[in-house]
Amino acid sequence: MPAPELNDYDRTRYDRQMRIRGFGEEGQRKLKGATAFVAGCGGLGSPIATYLATAGVGRLVIADMDVVDLSNLNRQILHWDDNVGEDKVKSAYEKLVRINPSITVEPFNGCIDGNNVLELTKGCDVIMDAMDNFETRYLLNRASLYHQIPMIYGSIWGLEGRVTTLVPGRTPCLECIFPKAPPKETFPVLGTTPGVIGTIQATEAIKVLLGIGSTLENRLLVYDGEYMEFHELKIAPNPECPACRVKQ
Amino acid sequence: MIFMMIRFRLFANFREAAKQKDVDVAVSGGNTISDAIKALLARYPAMEPMMFQDGRLKQYVNVLLNGQTVKGEQIASMTVKDGDEIALFPPVSGG
């Protein structure tokens, strides 16, 4: 399908980013025609969805199964005090369509599971991992491999975060890097940590959609906010990975 | 007898167990990465269940020796020398 045309509103709204080298009207049209699946509307999902919306990604599919809890509000910036008790996708949807009324936001209020993950991600150009557990991340990883679309992985703990860009056929998959799931836990976290990681994830997604710059392919970026250091770990495919190397 | 100092760089809950980011550990029982990690665990036993299962480093712990990624069997076979730096990253699952 050809990339949609820009209108006068788009040309003004996105003027500053279209000035970026390699972006231009062509890049903006690519974003306008793109769909991102945002898996989770919490700490990571809030900045990811916000920045993809402001950048003009034409269609966002947002998914979450939880309701807003008061203890979420130190970091989940799409949700406010008067949303406590509401479904997160409803709360997120209402903000996102006001942040950018020119895009389409499709909410899915429910659990991402083995039965629905392929359907939910069908027709998407990129999967944004904003989950809080590895079981669902593994399902998203399988969907990324099945549909052959990139997945931008992110996770956080305290003042630390990890982020990488997984592209089927070009990089390891999530199961190559983390063959066994660490346990789900109630983790400590400062709100700025998902802010840093989520905005890096959104940056990576936009670069992947436009084909500009160099992404975090084959590099796991570790953010250490306590000492304000960034580290890089080289990552490579596991030749025996049950998800991406062994025929399913 | 082997005697060397290895610097460990710790992340996430490993750092919480040690209460510091960098730890210098004297290693005397052997000269592999695995021997060095065992010397670290002797000093901080609380780290062992976070890091080890059935006597082996958990598969999801990322190890760097002087900035280079070390995988699987290399942990038991690759040697370290005085002044080397081992970074240990647990995966984190929060979102």
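As a basis for the values below, the full set of heavy atoms in this structure was taken, side chains included, without hydrogen atoms, waters or symmetry mates. Each chain gets a letter, A, B and so on, in the order its sequence line appears, and its residues count up from 1.
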(request) Report, as yes or no, whether the 6.0 Å neighbourhood of atom OH on A/Tyr146 holds more than 12 heavy atoms from other residues, nucleotides or ligands. (result) no
(request) Please list, in residue-number order, every residue in residues 83-95 of chain B that has a heavy atom less than 4.5 Å from any heavy atom of chain A; write 'none' if there are none. (result) B/Phe89, B/Pro90, B/Pro91, B/Val92, B/Ser93, B/Gly94, B/Gly95
(request) Answer yes or no: does atom CE of A/Met65 have more than 12 heavy-atom neighbours from other residues, nucleotides or ligands under 6.0 Å? (result) no
(request) Side chain from CB out, backbone as N, CA, C, O: work out which of these in A/Glu135 comes under 4.5 Å of a heavy atom of chain B, or both, or neither. (result) neither
(message) Please determine whether the number of non-hydrogen atoms from other residues, nucleotides or ligands lying under 6.0 Å from atom CD of B/Gln20 exceeds 12.
(response) yes
(message) Minimum heavy-atom separation for A/Asp224 and B/Arg15, please, with both atom names.
(response) OD2-NH2, 2.6 Å
(request) Hey, could you give me each pair passing salt bridge (Lys or Arg N to Asp or Glu O under 4.0 Å) that has a residue in residues 36-50 of chain A? Not counting sequence neighbours. (result) none
(message) So for atom OH, which belongs to A/Tyr223, do other residues, nucleotides or ligands contribute more than 12 heavy atoms lying within a distance under 6.0 Å?
(response) yes
(request) Between chain B and each of A/Pro194, A/Ala236, A/Pro179, A/Gly158, count heavy-atom pairs under 4.5 Å; write down the option with the most. (result) A/Pro179
(request) To the nearest 0.5 angstrom, please state how far the CZ atom of A/Arg219 sits from the OG1 atom of B/Thr69. (result) 12.5 Å
(message) Taking every non-hydrogen pair under 4.5 Å, which of A/Arg162, A/Arg137, A/Lys234, A/Glu226 racks up the most with chain B?
(response) A/Arg162
(message) If the contact rule is any heavy atom under 4.5 Å from chain B, which residues of residues 40-52 of chain A qualify, in numerical order?
(response) A/Gly42, A/Gly43, A/Leu44
(request) Heavy-atom distances under 4.5 Å only: say whether A/Leu220 touches chain B with side chain, backbone, both or neither. (result) side chain
(message) As an exercise: rank A/His231, A/Glu185, A/Arg75, A/Gln76 by heavy-atom pairs under 4.5 Å with chain B and give me the winner.
(response) A/His231
(message) Distance check, rounded to the nearest 0.5 Å: B/Gln68 atom CD versus A/Leu233 atom CG?
(response) 10.5 Å
(message) Suppose a student defines contact as a heavy atom less than 4.5 Å from any heavy atom of chain A. Which residues in residues 35-55 of chain B would they list?
(response) none
